[in-house]
Novice: 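Here's a structure for you.
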Amino acid sequence: NALTWELVADNIFGEIIYALEINQNGHIYVGTYAGVHISKDNGETWETKTADMTNTKIRSLFFTSTGAIFAGVFSDKGYRSLDNGETWEPFSYNGLRSIFCYTENIEGHIYVGCNGRGILRTLDGGTTWEDCDNELPTHYVDAILAHPNGHIYAGTRGHGVYRSYE
């Protein structure tokens with residue numbers, strides 16, 4: 001009920017916490033400038049999983065319906081893991097900048113909101129990406145949501161919330 005709080009990670013990462021996610025097994029994932037940290041015991045112990053990352057400045061984390069996890073970083077790429085964060089593979093797109101947010105629609109298409117790059121989407125689980133923000137007045141998207149009715153909502157920096165159909 002969120003009325004009582006207990007500290008479970010006393011600055012052990014030495015960084016600002018930018019992202020929190022949980023997978024289908026109940027493992028907690030934390031994203032910081034020092035990488036992805038995972039607890040498999042409700043925050044009692046933590047492991048850092050960044051072996052395949054050349055940039056560990058994590059800005060966002062997102063689990064897909066298929067169990068893949070995406071990590072957005074403060075740079076020109078992102079990372080995808082198909083094994084719960086044990087290994088990571090980079091993905092990029094021409095002009096990609098920091099990925100701030102993710103969402104997935106009911107068809108399994110993934111959308112990302114970027115800092116200065118707008119909205120990108122993948123129809124194949126992250127192998128290829130395409131632009132899909134043609135009529136937005138800004139390329140700064142800080143929040144994104146896929147509604148079950150098919151609309152995609154984008155929260156922009158200083159320009160309001162926009163709605164689109166896929």
Side-chain angles (χ1 to χ4, degrees), residues 7-133 139-146 152 154-155 157 166:
L7 181 65
V8 295
D10 186 14
N11 202 23
I12 62 173
F13 314 124
E15 299 287 343
I16 298 170
I17 307 298
Y18 284 103
L20 285 169
E21 277 290 329
I22 190 165
N23 72 3
Q24 64 270 17
N25 299 321
H27 301 160
I28 302 166
Y29 290 69
V30 174
T32 72
Y33 258 32
V36 177
H37 315 279
I38 304 169
S39 176
K40 297 177 182 178
D41 56 10
N42 294 315
E44 296 297 321
T45 61
W46 296 88
E47 293 180 76
T48 300
K49 298 290 188 175
T50 57
D52 303 308
M53 295 181 167
T54 56
N55 181 344
T56 60
K57 296 179 178 179
I58 306 300
R59 176 59 177 93
S60 55
L61 295 169
F62 178 73
F63 274 96
T64 69
S65 60
T66 62
I69 184 170
F70 284 84
V73 296
F74 287 97
S75 78
D76 61 348
K77 69 178 90 175
Y79 293 94
R80 176 179 64 174
S81 176
L82 302 175
D83 57 9
N84 288 312
E86 293 297 321
T87 60
W88 297 91
E89 59 185 25
F91 69 87
S92 190
Y93 182 77
N94 184 34
L96 179 63
R97 294 186 54 198
S98 300
I99 299 172
F100 277 16
C101 51
Y102 292 84
T103 194
E104 181 179 16
N105 72 4
I106 58 175
E107 296 171 328
H109 302 161
I110 300 165
Y111 297 79
V112 298
C114 302
N115 180 23
R117 186 65 174 105
I119 299 172
L120 302 175
R121 76 174 173 184
T122 179
L123 307 177
D124 58 13
T127 302
T128 60
W129 295 84
E130 63 187 2
D131 292 303
C132 65
D133 62 354
H139 292 290
Y140 292 88
V141 177
D142 294 308
I144 194 162
L145 170 73
I152 304 297
R157 191 171 302 169
E166 182 170 56

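Just so you know, residue 1 is the first one in the sequence shown, and it goes up from there. Treat the numbers as computed from the prediction; the structure is a model and nothing was measured.
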Novice: Between Y79 (side chain) and T54 (backbone), is there a donor-acceptor pair under 3.5 Å?
Specialist: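 At least one qualifying donor-acceptor pair exists.
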Novice: Applying ring pair (Phe, Tyr, Trp, His ring centres under 6.0 Å), can you list everything that pairs with Y33, at least two apart in sequence or on another chain?
Specialist: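 Counting only residues at least two positions away or on another chain, Y33 forms a ring pair (Phe, Tyr, Trp, His ring centres under 6.0 Å) with Y18, F74.
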Novice: Find the distance between OG1 (T122) and CD (E130) and round it off to the nearest 0.5 Å.
Specialist: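 The OG1 atom of T122 sits 8.0 Å away from the CD atom of E130.
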Novice: Quick one: which of Y29, F63, F91 gives a ring-ring contact (aromatic ring centres under 6.0 Å, His included) with F70?
Specialist: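 With F70 as partner, ring-ring contact (aromatic ring centres under 6.0 Å, His included) holds for just one option, F91.
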Novice: Could you list the residues that satisfy side chain to side chain contact (heavy atoms under 4.5 Å, CB included) with N42, not counting sequence neighbours?
Specialist: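 Side chain to side chain contact (heavy atoms under 4.5 Å, CB included) check on N42 returns nothing, list empty.
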Novice: Who pairs with D131 by salt bridge (charged side-chain N to carboxylate O under 4.0 Å, His left out), at least two apart in sequence or on another chain?
Specialist: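 Applying salt bridge (charged side-chain N to carboxylate O under 4.0 Å, His left out) to D131 gives R117.
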Novice: Can you tell me how far CG of L120 sits from OG1 of T128, rounded to the nearest 0.5 angstrom?
Specialist: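 Going from OG1 on T128 over to CG on L120, the span is 11.0 Å.
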Novice: Please enumerate all residues that pass ring pair (Phe, Tyr, Trp, His ring centres under 6.0 Å) together with F62, with sequence neighbours excluded.
Specialist: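 So F62 forms a ring pair (Phe, Tyr, Trp, His ring centres under 6.0 Å) with Y102.
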Novice: Return the set of residues passing side chain to side chain contact (heavy atoms under 4.5 Å, CB included) with E89 (not counting sequence neighbours), or none when no residue passes.
Specialist: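 By the side chain to side chain contact (heavy atoms under 4.5 Å, CB included) rule, E89 matches R80.
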Novice: Checking I119 against H139 for the side-chain contact (heavy atoms from CB on, under 4.5 Å) test, could you report, in this order, the C-alpha distance in whole Å, the side-chain angles of both residues, the deciding distance, and whether it holds?
Specialist: CA-CA 8 Å; I119 299 172; H139 292 290; over 6 Å; no
Novice: According to the salt bridge (Lys or Arg N to Asp or Glu O under 4.0 Å) rule, which pairs have a member within residues 51-70, sequence neighbours left out?
Specialist: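 Applying salt bridge (Lys or Arg N to Asp or Glu O under 4.0 Å) to every pair that reaches into residues 51-70, excluding sequence neighbours, yields nothing.
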Novice: So which atom in T87 and which in D83 form the shortest heavy-atom distance, rounded to 0.1 Å?
Specialist: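 That would be OG1-OD2, 2.7 Å.
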Novice: Where the side chain of N23 meets the backbone of N25, is there a donor-acceptor pair that is under 3.5 Å apart?
Specialist: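 Flag set: sc N23 to bb N25 pair under 3.5 Å.
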Novice: Can you tell me how far CG of N55 sits from CH2 of W88, rounded to the nearest 0.5 angstrom?
Specialist: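 One gets 12.5 Å once the value is rounded to the nearest 0.5 Å.
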Novice: Could you walk me through whether L61 and V36 pass side-chain contact (heavy atoms from CB on, under 4.5 Å), step by step?
Specialist: CA-CA 9 Å; L61 295 169; V36 177; 4.0 Å; yes
Novice: Residues in side chain to side chain donor-acceptor pair (under 3.5 Å) with D142, at least two apart?
Specialist: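 Side chain to side chain donor-acceptor pair (under 3.5 Å) check on D142 returns R157.
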Novice: Is L20 atom CG crowded by more than 12 heavy atoms from other residues, nucleotides or ligands, each under 6.0 Å away?
Specialist: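 Yes, CG of L20 has more than 12 neighbouring heavy atoms, counting only those of other groups under 6.0 Å.
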Novice: Could I get the full list of salt bridge (charged side-chain N to carboxylate O under 4.0 Å, His left out) partners for E44, not counting sequence neighbours?
Specialist: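 With sequence neighbours excluded, E44 shows a salt bridge (charged side-chain N to carboxylate O under 4.0 Å, His left out) to no residue whatsoever.
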Novice: Between atom CG of L82 and atom CD1 of I69, what is the distance when rounded to the nearest 0.5 Å?
Specialist: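 Reported value, rounded in 0.5 Å steps: 11.0 Å.
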Novice: Check step by step if side-chain contact (heavy atoms from CB on, under 4.5 Å) holds for I152 and I144.
Specialist: CA-CA 7 Å; I152 304 297; I144 194 162; 4.0 Å; yes
Novice: Listed by chain and number, what are the side chain to side chain contact (heavy atoms under 4.5 Å, CB included) partners of T32, not counting sequence neighbours?
Specialist: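 T32 satisfies side chain to side chain contact (heavy atoms under 4.5 Å, CB included) with F13, E15, I17, V30, A34, H37 once adjacent residues are dropped.
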Novice: Which residues pass the side chain to side chain donor-acceptor pair (under 3.5 Å) test with T64, not counting sequence neighbours?
Specialist: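 Expected list: T66.
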Novice: Judged by modelled atom types alone, do N105 and T103 share a side-chain donor-acceptor pair under 3.5 Å?
Specialist: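 No donor-acceptor contact under 3.5 Å links the two side chains.
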Novice: If the condition is side chain to side chain donor-acceptor pair (under 3.5 Å), which residues does S98 pass it with, not counting sequence neighbours?
Specialist: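 Applying side chain to side chain donor-acceptor pair (under 3.5 Å) to S98 gives none.
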Novice: Any sub-3.5 Å donor-acceptor pair from T50's side-chain atoms to T56's backbone N or O?
Specialist: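 No, because the side chain of T50 does not come within donor-acceptor range (under 3.5 Å) of the backbone of T56.
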Novice: With the side chain counted from C-beta on, respond yes when F100 and S60 share a heavy-atom pair under 4.5 Å apart, and no when they do not.
Specialist: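 The answer is no; the side chains never approach within 4.5 Å.
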Novice: Between C114 and I99, what is the shortest heavy-atom contact and its length?
Specialist: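 Minimum heavy-atom contact is SG-CG1, 4.1 Å.
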Novice: Should Y111 and C132 be marked as a side-chain contact (heavy atoms from CB on, under 4.5 Å) after you check the CA-CA gap, both sets of side-chain angles, and the distance that decides it?
Specialist: CA-CA 9 Å; Y111 297 79; C132 65; 3.9 Å; yes
Novice: E21: which residues meet the side chain to side chain donor-acceptor pair (under 3.5 Å) condition with it, sequence neighbours left out?
Specialist: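 Result, side chain to side chain donor-acceptor pair (under 3.5 Å) vs E21: none returned.
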Novice: Would you check if I58 and M53 make a side-chain contact, meaning some heavy-atom pair closer than 4.5 Å?
Specialist: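 They are in contact (side-chain heavy atoms under 4.5 Å apart), so the answer is yes.
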Novice: Rounded to the nearest 0.5 Å, what's the gap from CZ on R121 to CD on E104? Could you check?
Specialist: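 Answer for the CZ-CD pair, R121 versus E104, is 13.5 Å.
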